[in-house]
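Data first, discussion second: the structure below is written as structure tokens.
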Amino acid sequence: MTVKYTVMILEDDVRASYTLESTINQLPEFNVVAVSETCAEALLQYELYEPMLVFVDISLPDGNGIDVIRQLREKKHSVTL
């Protein structure tokens, strides 16, 4: 049985997030469980889905991806960003 790694994407460019999500979902061991366009949305979705991997854009409409990374690391140290 193959382990499914859950993935969340934080990207405000719809085309980029769609491309990344489509590419990741083609890999049998990965499953995108959430796609967020804002920092606030990402923090809420992280709590809901608890993904194992998070892809983070740096420049976002409501903040900075680096700040999101810091907040996620405070909540759960084992997340891979």
Side-chain angles (χ1 to χ4, degrees):
M1 185 167 122
T2 304
V3 173
K4 283 273 192 179
Y5 296 99
T6 55
V7 178
M8 184 174 89
I9 300 168
L10 172 52
E11 171 60 69
D12 62 323
D13 182 309
V14 175
R15 238 185 258 171
S17 65
Y18 175 79
T19 300
L20 185 57
E21 180 180 12
S22 297
T23 301
I24 292 169
N25 278 333
Q26 289 178 21
L27 303 169
E29 59 274 345
F30 293 91
N31 181 37
V32 176
V33 295
V35 177
S36 305
E37 294 182 13
T38 66
C39 298
E41 185 180 25
L43 294 170
L44 290 172
Q45 287 189 343
Y46 179 81
E47 291 297 320
L48 182 63
Y49 296 104
E50 296 184 2
M52 300 164 97
L53 302 167
V54 181
F55 288 85
V56 180
D57 185 8
I58 300 302
S59 180
L60 296 156
D62 66 336
N64 182 316
I66 301 295
D67 293 333
V68 172
I69 291 169
R70 286 186 187 116
Q71 291 178 49
L72 293 178
R73 286 217 165 127
E74 288 174 7
K75 293 175 187 259
K76 185 169 184 167
H77 298 284
S78 64
V79 67
T80 303
L81 303 153

Review point. How long is the gap from CG on L72 to CD on E50, to the nearest 0.5 Å?
Key: 11.5 Å
Study note, to complete from the structure: CD1 of I24 to CG of L53, rounded to nearest 0.5 Å, is 8.0 Å
Nearest heavy-atom neighbours spanning [X] and [Y]:
X   : Y   : answer
A42 : S36 : CA-OG, 3.3 Å
L10 : C39 : CD1-N, 4.3 Å
A34 : Q45 : CB-OE1, 3.2 Å

Exercise for review: Name all residues meeting the side-chain contact (heavy atoms from CB on, under 4.5 Å) criterion together with Y18; count only those two or more places apart in sequence or in a different chain, and write none if there are none.
Suggested key: S22
Check your understanding: Among pairs that include at least one residue of residues 38-49, which meet salt bridge (Lys or Arg N to Asp or Glu O under 4.0 Å), considering only residues two or more places apart or in two chains?
Key -> E47-K75
Exercise for review: Output every pair passing salt bridge (Lys or Arg N to Asp or Glu O under 4.0 Å) with a member in residues 9-23, not counting sequence neighbours, ordered by first then second residue.
Suggested key: none
Check your understanding: If Ile, Leu, Val, Met, Phe, Trp and Tyr residues are connected whenever their side-chain heavy atoms lie under 4.5 Å apart, and connections chain through other members, are V35 and L44 in the same group?
Key -> no
Practice item. Only counting residues at least two apart or in another chain, list the ones meeting ring-ring contact (aromatic ring centres under 6.0 Å, His included) with Y5. Key: F30
Revision key, fill the gap. Members sharing V33's hydrophobic cluster, built from side-chain contacts under 4.5 Å between Ile, Leu, Val, Met, Phe, Trp and Tyr, are L48, Y49
**Study point:** Listed partners of E37 passing side chain to side chain donor-acceptor pair (under 3.5 Å), at least two apart
**Key:** none
Review point. Taking only residues two or more places apart in sequence or in another chain, which ones pass side chain to side chain donor-acceptor pair (under 3.5 Å) with D67?
Key: R70
Review point. Is there a side chain to side chain contact (heavy atoms under 4.5 Å, CB included) between I58 and I66 once you walk through the steps?
Key: CA-CA 6 Å; I58 300 302; I66 301 295; 3.6 Å; yes
Review point. Which pairs count as side-chain hydrogen bond (donor to acceptor under 3.5 Å, both in side chains) when at least one residue sits in residues 54-66, sequence neighbours excluded?
Key: none
Review point. Donor-acceptor pair, T6 side chain versus N31 backbone, under 3.5 Å?
Key: no
